[in-house]
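What follows is a set of notes on a single structure, which appears directly below.
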Amino acid sequence: MNQANKNNLNNLNKFTSCHNDTSTLNSATQSRHLKRVVLVGMPNTGKSTFFNRLTGAAAAVGNWPGMTVSFLQAQVKIGGKLTELVDLPGIYDFNGFSDDEKVARKFIAKYPLDLVIVILNASQIDRQIALPLQIKALGLPAVVILNMADEAEQYGVKIDTDELAQRLDMPTVLISAKYGKGYGRVYREISSALGQQSQTIQESPTCLNNCAEITPQQIESVLSGVVTMPDRIGVNLTTRLDRILLDPVWGLPLFFLGMYLVFSLIWNIGLPAQGLVGDLTAWMQTSLIEPILSPFPEIIQNFLIDGIWNGLATVTGFVPLIVLFFILMAILEDSGYLSRSAYLMDALMGRIGLDGRSFVMQMMGFGCNVPALMGTRVMRSQALRLLTMLTIPFSLCSARLQVFVFIIAAVFPNRNGAIVLFSLYLLSFVAAIATAAIFQGVFKNDEPFVLELPPYRFPTWKQVIIRGWGEVKHFLTRATGFITFGCIAAWGVTNLPLNATGLDTIGGQIGQFLTPIMSPLGIDPYLTLALIFGFVAKEIVVGSLAVIYGLNAIAVSGHISDTVTFAQGYSFCIFCLLYTPCLTTVATLLNESKSWQFTLFSLAFSLTLAWVASFCFYQTVLLFGFQ
Amino acid sequence: MTLAELESGKLAVVKHLKLNHQEKELGKRLLAIGITPDKQIQVIRKASFGGPLHIRLGSTTEIAIRRQEAKMVQVHCLNSL
């Protein structure tokens, strides 16, 4: 019942571009007599945290204005009645024009709703109060939630909630969404507000497009005597950390040092963990799967063990690394440091036609390129969005991380692995920066840069665990879906025609056909074949290597270290980092840019850049006599 | 004086925004983020290489803003000692 269903990209696209297509949501709500409650608030006020608490859903949360860029729905029982709750992207006001704000505005304009919940950051009530006043002016029924009560108290912000509720003429509750304080009252207020509301608001107020501005005088008259803001903020954790982390000289070196430490941690923990899982799956193969399959014909054994099991077992070895990676990612996203990195990098980014937020999206792309591409919706200028989107596919995502860890472990002496891995992350930034520098003339923009720097925060254990578990589930869905499919396809082309072996198979032929293009890069036909499967998803690269060689995870690694030199291995990594991203990313590029030309251009450019970069690296290394 | 000219650490109050027609959108965003007349404002630090300014608005809002945009904010410096 408490299932959140994230609207897929197609749905959202339809919703943002087509005004009349409201039938599905309408009828769904009416046939079930569900009341609809919509969460509205400025960016980074904790709407998604509140939504997760109320519905048990696992919407992505983070201390970054613009974490949620599409809407999420979930059903929850409030006051004994099943109610639909909708989490919308943050809006600064109802006149905002960035794409994420349009999602929120259009939702309110087009879909019937019964109640609006306005969420404010209580410690910034002095400016955020404008939003409930706008909603009141629109005549929408609303409950006001003053969130982050804990932070407001630390700052010394004092709010007379009851008096404020009277002046606003809206029920008002002070809560902490993160720590779960004040929810009893929230449920009561929502349920009683819904009870009083007999009529669903079908048509949005006509003035939504031209909403009255709230004057400072109106704000003053609501807040005076009710809210006391502190005069000055003393020294707190945020000011102390900022003094170090935002230092004009040391800020950037500290950023890169921190990044290096994070990736050495991932390397030093993730790699041994992968070995352990490899031992476990190898044991399962010899003592369980092989005996069970022994009565079957050889071709079936070969297909099940070399085709599916080896591929999946190799990919499974990366589960611990993925969990660790996303736990660290969750801490980073929740910390508030993302905004600081935008501040630190904006000077450089500005010179190449981007801004600090583009850099943050490149970092979010380390997790997965898809949400990073969608995250560009916070930018209003289309040119800036496109230029940023052109750079995001070069961001070294967690799937490519698996490929690199696998290859680096095989071809480099273990001790230097972390440095080699880090160099690929730096290359990822360099490729993004070079791309923007080349094309900034094409995508000219003069988007202003104004960004909130929220206080440093730490995720709760629960949030971290939910995130880690969510990623494991996501990974397993992919593993049972197209990674299996990719492994089967890899087995097919490397085992057919039936009596052929090695380079005589279909796969071998394809690999050989591409040899004139790939051998100047030091990439042999087998590795080429793995890259072809990587068009679908990068996890398949590793799985398909196991299948192509017909070996298990540990043996493949040994085989690669025997047949591939470190120069060839690194050249392969460069190519894999820069060439076309996975299919999901391509689909997202198309959806977000709404342009075939742009998407095809991005693919062609990536492929060209990958070839040129690998070529330059490999030939230079050969020139200096390395192998 | 403009916000861009304000020295780090000095306290000021916002007078008004100086925007031309194309910048109406920016004006709304600045108001929503809290740059409103009579609001207390302070430059905490300036990023190197001509990067953005780290600003505190009132007492509990902090933002990063480019020097370009900071030029549009007229402020009145208070003596802070």
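Below, chain A is the first sequence line, B the second, and so on; all start at residue 1. Atoms considered below: every heavy atom in the structure, side chains included; atoms not considered: hydrogens, waters and symmetry mates.
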Just so I understand: if I count every heavy-atom pair under 4.5 Å between each of Ser48(B), Ala64(B), Gly51(B) and chain A, which residue has the most?
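The answer is Ala64(B).
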Looking at Ile33(B), Leu30(B), Leu26(B), which has the largest count of heavy-atom pairs under 4.5 Å with chain A?
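Looking at each option in turn, the highest pair count goes to Ile33(B).
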Residues Glu101(A), Arg29(B): salt bridge by 4.0 Å N-O rule
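A salt bridge links Glu101(A) with Arg29(B).
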Is it true that Lys39(B) and Asp126(A) have a side-chain N and a carboxylate O under 4.0 angstrom from each other?
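Salt bridge flag = yes for Asp126(A) with Lys39(B).
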Which atoms of [X] approach chain B - backbone, side chain, both or neither, heavy atom under 4.5 Å:
| X | value |
| --- | --- |
| Glu151(A) | neither |
| Tyr92(A) | both |
| Met42(A) | side chain |
| Asp247(A) | neither |
| Asp446(A) | neither |

Just wondering, are more than 12 heavy atoms of other shown residues or ligands nearer than 6.0 Å to CG in Asp38(B)?
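Incorrect, the count does not exceed 12.
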Counting neighbours of CD on Glu153(A) that are heavy atoms of other residues, nucleotides or ligands and sit closer than 6.0 Å, is the number greater than 12?
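Incorrect, the count does not exceed 12.
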Tell me, for [X] versus chain A, whether the close heavy atoms (under 4.5 Å) come from the side chain, the backbone, both or neither.
| X | result |
| --- | --- |
| Gln68(B) | neither |
| Arg56(B) | side chain |
| Gln42(B) | neither |
| Leu31(B) | side chain |

Using 0.5 Å steps for rounding, measure from the [atom1] atom of [X] to the [atom2] atom of [Y].
| X | Y | atom1 | atom2 | value |
| --- | --- | --- | --- | --- |
| Arg243(A) | Ile44(B) | CZ | CD1 | 10.0 Å |
| Leu344(A) | Phe49(B) | CG | CZ | 11.0 Å |
| Thr239(A) | Glu62(B) | OG1 | CD | 8.0 Å |
| Glu25(B) | Ser381(A) | CD | OG | 12.5 Å |
| Arg45(B) | Leu246(A) | CZ | CG | 5.0 Å |

Can you find a heavy atom in the side chain of [X] that is under 4.5 Å from one in the side chain of [Y]?
| X | Y | answer |
| --- | --- | --- |
| Arg66(B) | Val450(A) | no |
| Ile65(B) | Phe449(A) | no |
| Arg127(A) | Thr61(B) | yes |

For chain B, which candidate among Asp355(A), Val249(A), Asp242(A) shows the most heavy-atom pairs at distances under 4.5 Å?
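Going by pairs under 4.5 Å, I would pick Asp242(A).
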Hey, which of Ala130(A), Pro230(A), Pro454(A) has the most heavy atom pairs under 4.5 Å with chain B?
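Result: the option with the highest number of such pairs is Pro230(A).
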Test of understanding: with side chain to side chain donor-acceptor pair (under 3.5 Å), list the residues that count as partners of Asn121(A), not counting sequence neighbours.
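Side chain to side chain donor-acceptor pair (under 3.5 Å) list for Asn121(A), sorted by chain: Ser123(A).
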Considering residues at least two apart in sequence or located in another chain, which fulfil the ring pair (Phe, Tyr, Trp, His ring centres under 6.0 Å) criterion with Phe429(A)?
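Here the qualifying residues are Phe359(A), Phe366(A).
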Mind running side chain to side chain contact (heavy atoms under 4.5 Å, CB included) on His54(B) and Tyr343(A) for me, showing each step along the way?
CA-CA 8 Å; His54(B) 181 176; Tyr343(A) 166 86; 3.8 Å; yes
Could you pull out the closest heavy-atom pair between Pro37(B) and Pro216(A), with the gap in Å?
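Closest heavy-atom pair between Pro37(B) and Pro216(A): CD-CG, 4.5 Å.
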Are Leu451(A) and Ile63(B) close enough, and set up right, to give a side chain to side chain contact (heavy atoms under 4.5 Å, CB included), and what steps lead you there?
CA-CA 5 Å; Leu451(A) 181 69; Ile63(B) 62 165; over 6 Å; no
Judged by atom type as modelled, is there a donor-acceptor pair below 3.5 Å linking the side chain of Ser59(B) to the main-chain atoms of Asp231(A)?
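It does not hold such a pair.
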